[in-house]
Amino acid sequence: MMDVNFTRTERGGICPDCGYPMQPSEVNAHMEQHVALQRAARLEQDLCSMPDQAVAAFYQTLEVDDPRVDVVAGELERRNIDL
């Protein structure tokens, strides 16, 4: 999980990663976006060390609505692997 420390104020906060100024209602959703991006980046790194067959097998285990589908599909495309 990414450690994101926002500078919080009564009017919202400022994201230390991108400097985006947020209203109080936006802080949690913005943090979730950064966490999702970090997870995708970590998954991309993990996939790079996996053999083609393992990436293809992992892709076939994912549900359609799994957020990792796009990352894994991108890796399959990068490697020119057709399923």
Side-chain angles (χ1 to χ4, degrees):
M1 189 66 93
M2 185 162 108
D3 183 25
V4 178
N5 295 313
F6 290 96
T7 303
R8 294 178 189 261
T9 67
E10 289 149 11
R11 294 172 290 164
I14 296 180
C15 178
D17 289 341
C18 67
Y20 180 75
M22 299 165 281
Q23 297 299 318
S25 61
E26 297 176 300
V27 172
N28 288 339
H30 188 81
M31 185 171 119
E32 288 173 9
Q33 284 179 325
H34 278 289
V35 170
L37 290 172
Q38 184 194 30
R39 285 182 181 157
R42 192 174 311 138
L43 177 58
E44 285 176 346
Q45 288 177 339
D46 291 344
L47 291 172
C48 286
S49 66
M50 293 171 66
D52 291 353
Q53 289 177 326
V55 174
F58 178 62
Y59 180 77
Q60 292 174 338
T61 66
L62 298 175
E63 297 291 326
V64 174
D65 60 347
D66 191 313
R68 299 173 294 178
V69 166
D70 291 335
V71 175
V72 180
E75 182 64 17
L76 291 171
E77 184 177 326
R78 186 185 73 76
R79 295 184 187 198
N80 294 317
I81 299 172
D82 292 324
L83 298 179

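Any value given below was found using the heavy atoms of this structure, including those in side chains, with hydrogens, waters and symmetry copies removed.
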**Message:** Is any side-chain heavy atom of Tyr59 closer than 4.5 Å to one of Leu47?
**Reply:** no
**Complete:** The reported gap from CD in Glu32 to CG in Leu37 (rounded to nearest 0.5 angstrom) is 12.0 Å
**Fill in**
All heavy atoms of Ile81 vs all of Ala56, minimum pair found to be CG2-CB, 4.5 Å
**Complete:** Residues Glu44 and Val71: closest non-hydrogen pair is CG-CG1, 3.5 Å
**Asked** Would a hydrophobic clustering, with Ile, Leu, Val, Met, Phe, Trp and Tyr connected at side-chain separations under 4.5 Å, put Val69 with Met50?
**Response** yes
**Item:** Contact check, side chains of Val55 and Arg79, non-hydrogen atoms, under 4.5 Å
**Value:** yes
**Request:** Check whether more than 12 heavy atoms from other residues, nucleotides or ligands sit under 6.0 Å from atom CD of Gln60, and answer yes or no.
**Result:** yes
**Asked** How far apart are the closest heavy atoms of His34 and Cys15, and which atoms are they?
**Response** NE2-SG, 3.2 Å
**Asked** Are any non-hydrogen side-chain atoms of Val72 and Leu62 less than 4.5 angstrom apart?
**Response** yes
**Asked** Considering all heavy atoms of both residues, which atom of Cys48 and which atom of Arg78 are nearest to each other, and what is their separation?
**Response** SG-NH2, 4.3 Å
**Prompt:** Does the side chain of Arg39 reach to within under 4.5 Å of the side chain of Pro67, using non-hydrogen atoms?
**Reply:** no
**Message:** Working note: Phe58 + Asp46, criterion side chain to side chain contact (heavy atoms under 4.5 Å, CB included); need CA distance, chi angles, decisive distance, verdict.
**Reply:** CA-CA 12 Å; Phe58 178 62; Asp46 291 344; over 6 Å; no
**Request:** Please determine, by modelled atom types, if Glu26 and Tyr20 share a side-chain donor-acceptor pair under 3.5 angstrom.
**Result:** yes
